[in-house]
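As structure tokens, the structure follows; a few thoughts come after it.
In the text below, chain A, chain B and the rest are named by the order of the sequence lines, each starting its count at 1. What you are looking at is a predicted structure, and each value in this text was computed from that prediction instead of being measured.
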Amino acid sequence: MIAKIIVDVPSAQTDRMFDYKVPEQWQAFIRPGMRVIVPFGPRKVQGFIVELTEHSEFKQIKSINELQDTSPVLTAELMELGKWLAEKTLSYQISAFQVMLPAALKTKVKKEIRLKANKLELPFFVQALFTEKDRIPFEEVQSLAKKEKIEIQTLLLEGKLTEHFLLIEKAKQKKVRFVVLNKAIENIAEIKLKIPSRAKKQHEMLEFLVNHPKAIQSTELLKVLQTTRSTLQALIDKEYVVETEEEVYREAMAELMIQPTQPLMLTPKQTEVLSPIVEAMDCARSETFLLHGVTGSGKTEIYLQAIAKGLEEGKEAIMLVPEISLTPQMVERFKGRFGDLVAVLHSGLSAGEKLDEWRKIQRQEVKVVVGARSAVFAPFQNLGLIIIDEEHETSYKQEDNPRYHARDVAIYRGEHHRCPVILGSATPSLESYARAQKGIYTLLTLLERVNARALPSVEVVDMREELRNGNRSMFSSQLMEKMKERLEKKEQIVLFLNRRGHSTFVMCRDCGYVATCEHCDVSFTYHRHQHRLKCHYCGDEQAMPTTCHSCQSEHIRFFGSGTQKVEEELTKVLPEAKVIRMDVDTTSRKGSHGRLLEAFGRKEADILLGTQMIAKGLDFPSITLVGVLAADSMLHIPDFRSAERTFQLMEQVSGRAGRHELPGEVYIQTYTPEHYSIELVQSHDYERFFQMEMNNRKRAGYPPYYFMALVNISDPELTKVISVSEKIAQFLKRELHSTSIILGPVVSPLARLKDRYRYQCVIKYKNEPKLERTLREIQEHYMKETNQGSLQIQIDLNPFLFM
DNA sequence: AGCACGCCGACT
DNA sequence: GTCGGCGTGCTC
Ligand SMILES: [Zn+2]
Ligand SMILES: [Zn+2]
């Protein structure tokens, strides 16, 4: 019996099947979709069985070493999907398979050499290798001289040394670290003398550990002492304290007594929307619905009832939610209705926990999965419904290989399972809405909130006017007045600041010099806790400079997301207001995001001030005022979707106000009040926005009128990049249809990354049957150089990020 | 991606 | 001669 296998070697040359013999003992139950370990040249690798046959063209077939599964981890459907995914995204098959599975299922194989003979009989250099141990990692052999390597080879043949392969399971059990004082230490006072007195934190920590002799969790210790790992590390290095690792049993997310809920009565409007979905489910029709429902229109209840309908028929459902919206409250709504039948997949889980949830689906113990993008690959076998909530969110597109969009995968799976797909949004993406208008998707609308509560009133404030009236502060007089009013009434306020630069940078106030990474063309990000500069792209870091590199001035300082400055001004103008600030600074610690929100929910503050991150999920009854401080900051980003993003964001932020009994008001401050993406938020007029924006896209030749593809070429050698990208552009122009537009090559907006220069070509096309083939040809043509050389060619179909 | 093999310049 | 650096090619 022969197995055709895709091996875990992501390279163009190995992106095909390899044949292996199936040992007798496994022939009865081996199946396609199972994982195996196979010999591959001089090493061993993991692989997936894609086919079982009796014949092979190949002469010298090796045997499978290990069968890792008793039942396939990839169903026949998912294997087909994987093939399709690799084709559509121009990526390797192995990468497509891996992206569909939890990372914990991945196995890497390490080679080690063991000593099997009397050490003294062996050459000195071998004795040295095995000092105080009888096994060494193979890399140590690799770094030896050539002659010595050959000697090792002979010793292996003679059996004096043996090769062993270790299977490294990716992310096993979750581990927690504990620290205690080193037991060997008898005289603490003596030690304390050895630590320099300026190391205050280390003294504090020692003191604490002396007073608390019981082992304490490392993270706990750091939190209590308000310090960082470096303090602890220093003490560990000096061997004054000992750190141990312990496995903890993974407990399912603290099930805090979730109240079971019953289906709610639907409004006539909701019923009208639900019925075609149910009908499609009944007829097993793979129809895609675009549910355009304003915030508070009861979309979630429709999802819940549609899922319930499927469950009655013994069908399963996938519910996709953007990562940031995947809050405990969200999960609670699904667990409240479906109890134990729900699995949850989100990034907060450890690799092991994700595997646990995934196994529940595989073993058919659950019927519903709620999760972020990758949950679209849930291994259900009898899907009745796939829902993508907030379908306009860009996080549904994976930004590294394979660059897939969850929406495309959902529709593919919907067709396979003959089940409907619901795309839900208050502000649908232009692409989806256009498809709905063309009749490719079925449009369903819910333009009223349940209980007919009014949408919040939105006021656009012209900041130019404010400036003319002599108001140079960041709060307009209207917003100021409204804030005072709310403070008196003890109602809550949300202030939203979306700045263009997402992070804090360091600039000289005298000459304007900005600290930038020397490997990438980006400015450094200032990290407050460590008082250091870090590059977001390559991870390089350095100390915060005290003087300007360019003019030696001492007036060099960091410029934050701006929230800090707003906070300062708030305390000046509204000293009585309690403010909670949420930005990268205050939420970088794990869990702090949730804690701050909870505190605001308990009304421990009057004003919540934050960046993008507070646009979603805030649902507190006493928020009655929302202020957007600078609406146009996003508008001027050079991205053809910036107007769409602005409108979506403004709508989303508006939705935070007046979600309950108290009516809400929104004030949007802007320097371009006449721009339609801001003006139309006032009337919450999506339809009109859509028309305007479609006109612009048509005029400029952007999606949805054109499809786009991005080819990014990078290399440490600038001349190489330029010549290759020019050749590629020419090739594209020659091969593709005359109606397709090839832009570039131009230098990428992120011109240099990790010491590599980056150029790009953008392809705009309407109908291009040769596209995938042509792009494949480019990949193959440069295969040698991308494989062994330093050249990289990245291809992104329907890109969201043009970098 | 690894890993081995083999060619070639530099040095004992 | 021999050592080690690196370019080239293969993996069922
Ligand atoms: Zn960098
Ligand atoms: Zn300067």
Under 4.0 Å between any heavy atoms, over every strand shown, what does A/Lys784 touch: base, sugar-phosphate, or nothing? Just pick one.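 Sugar-phosphate, no base atom in range.
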State whether the side chain of [X] and the backbone N or O of [Y] hold a donor-acceptor pair below 3.5 Å, judged by distance alone.
{"X": "A/Asp134", "Y": "A/Lys116", "answer": "no"}
{"X": "A/Gln362", "Y": "A/Pro72", "answer": "yes"}
{"X": "A/Arg403", "Y": "A/Pro799", "answer": "no"}

Chain A footprint on DNA chain C, 5' to 3' - any atom under 4.0 Å from a heavy atom: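 Contact boundaries, 5' end first: C/dC3 to C/dC12.
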Non-hydrogen side-chain atoms of [X] and [Y] separated by less than 4.5 Å:
{"X": "A/Leu732", "Y": "A/Leu775", "result": "yes"}
{"X": "A/Lys111", "Y": "A/Phe165", "result": "yes"}
{"X": "A/Thr89", "Y": "A/Asn401", "result": "no"}

Ignoring hydrogens and angles, state whether a donor on the side chain of A/Ser347 or A/Glu323 is under 3.5 Å from an acceptor on the partner side chain.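 Yes, a side-chain donor-acceptor pair sits under 3.5 Å.
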Validate the cation-pi geometry between A/Arg407 and A/Tyr396: distance from NZ or CZ to the six-membered ring centre under 6.0 Å, angle to the ring axis within 45°.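 Pair A/Arg407/A/Tyr396 does not count as cation-pi.
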Those residues of residues 17-28 of chain A lying under 4.0 Å from DNA chain C by at least one heavy atom: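 Here the set is A/Phe18, A/Asp19, A/Tyr20.
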For A/Phe18, which of A/Phe40, A/Phe58, A/Phe48 qualifies under ring pair (Phe, Tyr, Trp, His ring centres under 6.0 Å)?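 Option passing the ring pair (Phe, Tyr, Trp, His ring centres under 6.0 Å) with A/Phe18: A/Phe40.
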Between A/Phe377 and A/Tyr404, how do the two ring planes meet: parallel, tilted or perpendicular, split at 30° and 60°?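 If you compare the ring of A/Phe377 with that of A/Tyr404, the planes turn out perpendicular.
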Using a 4.0 Å heavy-atom cut-off to protein, can you give one letter per nucleotide of nucleotides 2-12 of chain B, 5' to 3': B if the base is in contact, S if only the sugar-phosphate is, - if neither? BSS-BB-----
